[in-house]
Amino acid sequence: GDTRDHILRNSRAMVHVHQIAGVNAVAPQRFALAAAYALPIITERLNDRAILTPGNVLESDYHNLAECAEQWILRNDSRWLEDFGQRLHYLLCEQYPLRKCVEGAC
């Protein structure tokens with residue numbers, strides 16, 4: 001609703017922690033939501049990044065994730081972080097939107 005929209009529009013980044021230890025997979029809905037809002041994702045390490053690269057997502061191991069997120073969010077030049085969000089948005093919303101991927105799989 002409106003509250004979630006407001007929070008997402010005013011967030012600097014989205015942090016992704018795996019729900020199950022040892023299952024280091026992309027959470028598609030979280031990544032899609034972050035991309036829709038051009039929010040950078042700071043994620044726990046992924047086993048298979050597929051089209052995600054170090055240029056469009058930030059990764060850290062679990063034990064350093066909070067410190068990594070804090071360093072990026074508090075960085076003096078916020079454009080670096082915003083650029084990750086813009087690149088994620090371009091990748092998932094323009095280059096590979098859901099419709100294109102579904103139709104391409106048929």
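- Within the 3.5 Å criterion, the main-chain N or O of L52 finds no donor-acceptor partner in the side chain of N56.
- In the hydrophobic clustering of ILVMFWY residues, with side-chain heavy atoms under 4.5 Å counting as a link, L98 and I41 come out apart.
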Using residues 86-96 as the side-chain source, report each donor-acceptor pair under 3.5 Å to any protein atom, sequence neighbours left out, with the distance given to one decimal.
{"residue": "R87", "atom": "NE", "partner": "G55", "partner atom": "O", "Å": "2.4"}
{"residue": "R87", "atom": "NH2", "partner": "G55", "partner atom": "O", "Å": "3.0"}
{"residue": "H89", "atom": "ND1", "partner": "A35", "partner atom": "O", "Å": "2.8"}

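- Residues that satisfy the side-chain contact (heavy atoms from CB on, under 4.5 Å) test with Q71, not counting sequence neighbours, are E67.
- Listed by first and then second residue, the salt bridge (Lys or Arg N to Asp or Glu O under 4.0 Å) pairs that reach into residues 32-43 come to none, sequence neighbours excluded.
- Among residue pairs with one or both ends in residues 7-21, those qualifying as salt bridge (Lys or Arg N to Asp or Glu O under 4.0 Å) are D5-R9; sequence neighbours excluded.
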Donor-acceptor list for residues 23-34 side chains, cut-off 3.5 Å, not counting sequence neighbours:
{"residue": "N24", "atom": "ND2", "partner": "R45", "partner atom": "O", "Å": "3.4"}
{"residue": "R30", "atom": "NH1", "partner": "V17", "partner atom": "O", "Å": "3.3"}

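- Tracing side-chain contacts under 4.5 Å through hydrophobic residues (I, L, V, M, F, W, Y), one never reaches M14 starting from L81; they form parts of separate clusters.
- Residues satisfying the salt bridge (charged side-chain N to carboxylate O under 4.0 Å, His left out) test with R49, not counting sequence neighbours, are E59.
- Defined by atom type and a distance below 3.5 Å, a donor-acceptor pair is present between the side-chain atoms of H6 and N10.
- Within the 4.5 Å cutoff, the side chain of V57 has no heavy atoms near those of the T53 side chain.
- A continuous path of hydrophobic side-chain contacts links W80 to I73 [ILVMFWY only; heavy atoms under 4.5 Å].
- A69 approaches V15 most closely through the heavy-atom pair CB-CG2, 4.0 Å.
- Taking every heavy atom of both residues into account, F84 and P54 meet most closely at CE2-O, 3.2 Å.
- Between I42 and C68 the shortest heavy-atom distance is CG2-SG, 4.1 Å.
- The shortest side-chain heavy-atom distance between T43 and L58 does not fall under the 4.5 Å cut-off.
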